[in-house]
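Below is one structure, written out as structure tokens; comments come after it.
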Amino acid sequence: MLYKGFEAVIGLEIHAELACRSKIFCACSTAFGAPPNTQVCPVCMGHPGTLPRLNRQAVEYAIMAGLAMGCRIASCSTMARKNYFYPDLPKAYQISQDAQPLCRGGELCFETSEGPCRVGIERIHIEEDAGKLIHRPDGTCIDHNRCGVPLIEVVTEPGLSTPEQARACVGALRELLRCIGVCDGRMQEGSLRCDVNLSVRRPGEGPGERTEIKNLNSLLFIQKAVEQEWHRQAELLLSGGRVQMQTRRFDEKSGTTVRMRQKESAADYRFFPEPDLMPIGLEEGEIAALAAALPELPAQRRARYAAMGLGAEAAGRLASDRALSDCFDAAAEETAYPKLLANLLLGPMCRLSTGESFSCPVQPGRLAALCELWGEERINASTAKRLAERLWTDPGHPQDMVEAEGLGLICGEQELAAGISEVLADNRELLEACRGGRQAAEKALMGRCMAHFGGRAHPQRLAGLLEQAIREA
Ligand code: ZN
Ligand code: MN
């Protein structure tokens, strides 16, 4: 895609907080939302003389993320100090990884309106989060609770070229990390944040100077920021200007990117090996055990649902939430009507499940039984949906509810024919109009017949018998 003759070259660096209960180098809690500076200790506050101790769970989660993206896991990786001064970083260096990251290679696949896409993953490394600056009218405050929260940084190749691709790529990563349970993906809480590297070029030319847009915390902002920055650089070049390597941020109010500072180059960070932490050595068996414990990934789930005959949208929605997908799978084992099941889950059940991820108190067997009743045309769609909602609070079995309350469809030929004669007798003028070939009149008669049976007549059988009765009347 081009904007005024320029294409965008986009790479992403995504920071994801790992779902560990304690921090990466100390035992402080990582829970979000605690009062400022209550989840801190000398280690994560960066006091001199303290020693970091690596959280094993963080390493395992990072490996799981790497495996889920098809990365190679290093048998030996090392931690490094990344030196920079910023008020939210009390040690004045961040313990991260440099030359020997935990994961290399791999890829992320995602869907866009132009079809399926993929981008290569350059590396995934572990590091500690920094604190949070809280800007207020009377000054800036620092909350150190976030210092030392375990992070992975996922670095993609600069292989993306449109705002939609950037957005969809982060969306797919979020879905994947949530599915394997290593990150809650709450972008509004900062659990997942995206930095965008972007340059523009005329097709066939080498890449231009790039800028970095920091800390985008919503999928929509990613898409908007990429579009804005792409257009800004193109306009700048067209007007004879030069793109400068710099760090920018996205201003939500104006919807534009704003300059923050000239970009540091890697040399400015003066990475050096972290002397307080041993290299991370991994046996092949340990990696294999983590691989074996991975759940089925969203892409595999989507493919399986498509093979079951579900449409792309339904398959995608089911696969995007592991709890929803697991619920579907459990119920689908007990019904021959997976499409109807998807319909009930994505419709009434998703509406009733108000939490962040799907949760439903209805046992899969009862949902499946409801689908059987619907699939065998013993109840109609609106009854099925109404009953699905009731199952949420009613412990009854669908079959019993249908029988006890007379909710089943009326299928008997005699009963239907008798009702039709009554309706025809009461609607002579409509019958005349039908004979005159007016389709609207036939529709109206069908409506009256259905109303006569309180909406519970078997629609196809009713229509067949009505047509016959009109012909013979
Ligand atoms: Zn601590
Ligand atoms: Mn980082």
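Both counts, for ligands and for their atoms, begin at 1 and track the order of listing. Predicted model only: the values in this text are computed from it and were never measured.
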Handout entry: R202 NZ/CZ over F6 ring centroid, <6.0 Å and within 45° of normal
Key = yes
Exercise for the section: Give a yes/no answer: is there an N/O/S atom of C147 under 2.8 Å from the Zn ion (ligand 1)? Expected result: no
Practice task
Give a yes/no answer: is there an N/O/S atom of E13 under 2.8 Å from the Mn ion (ligand 2)?
Solution key: no
Handout entry: Vertex the Zn ion (ligand 1), arms to C44 SG and C26 SG, rounded to 10°
Key = 110°
Completion exercise
Looking at E127, the N/O/S atom that lies nearest to the Mn ion (ligand 2) is called OE2
Handout entry: Under 2.8 Å: N/O/S of H125 next to the Mn ion (ligand 2)
Key = no
Fill in the blank from the handout: Looking only at heavy atoms, the pair that brings P348 and N343 closest together is CD-O, 3.9 Å
Exercise for the section: Check E153 and report its N/O/S atom nearest to the Mn ion (ligand 2), by atom name. Expected result: OE1
Exercise for the section: Using only N, O or S atoms, tell me which atom of H15 is closest to the Mn ion (ligand 2). Expected result: NE2
Handout entry: the Zn ion (ligand 1): angle it makes with SG (C28) and SG (C41), nearest 10 degrees
Key = 100°
Problem - Basic-acidic side-chain contact under 4.0 Å: D251, R249 - result: yes
Practice task
Cation-pi check, K82 to F271: give yes when NZ or CZ is under 6.0 Å from the six-membered ring centre and within 45° of the ring axis, no otherwise.
Solution key: no
Problem - Ring-face cation contact, F221 with K224, 6.0 Å cut, 45° max - result: no
Handout entry: NZ/NE/NH1/NH2 to OD/OE distance under 4.0 Å, R178 and E356
Key = yes
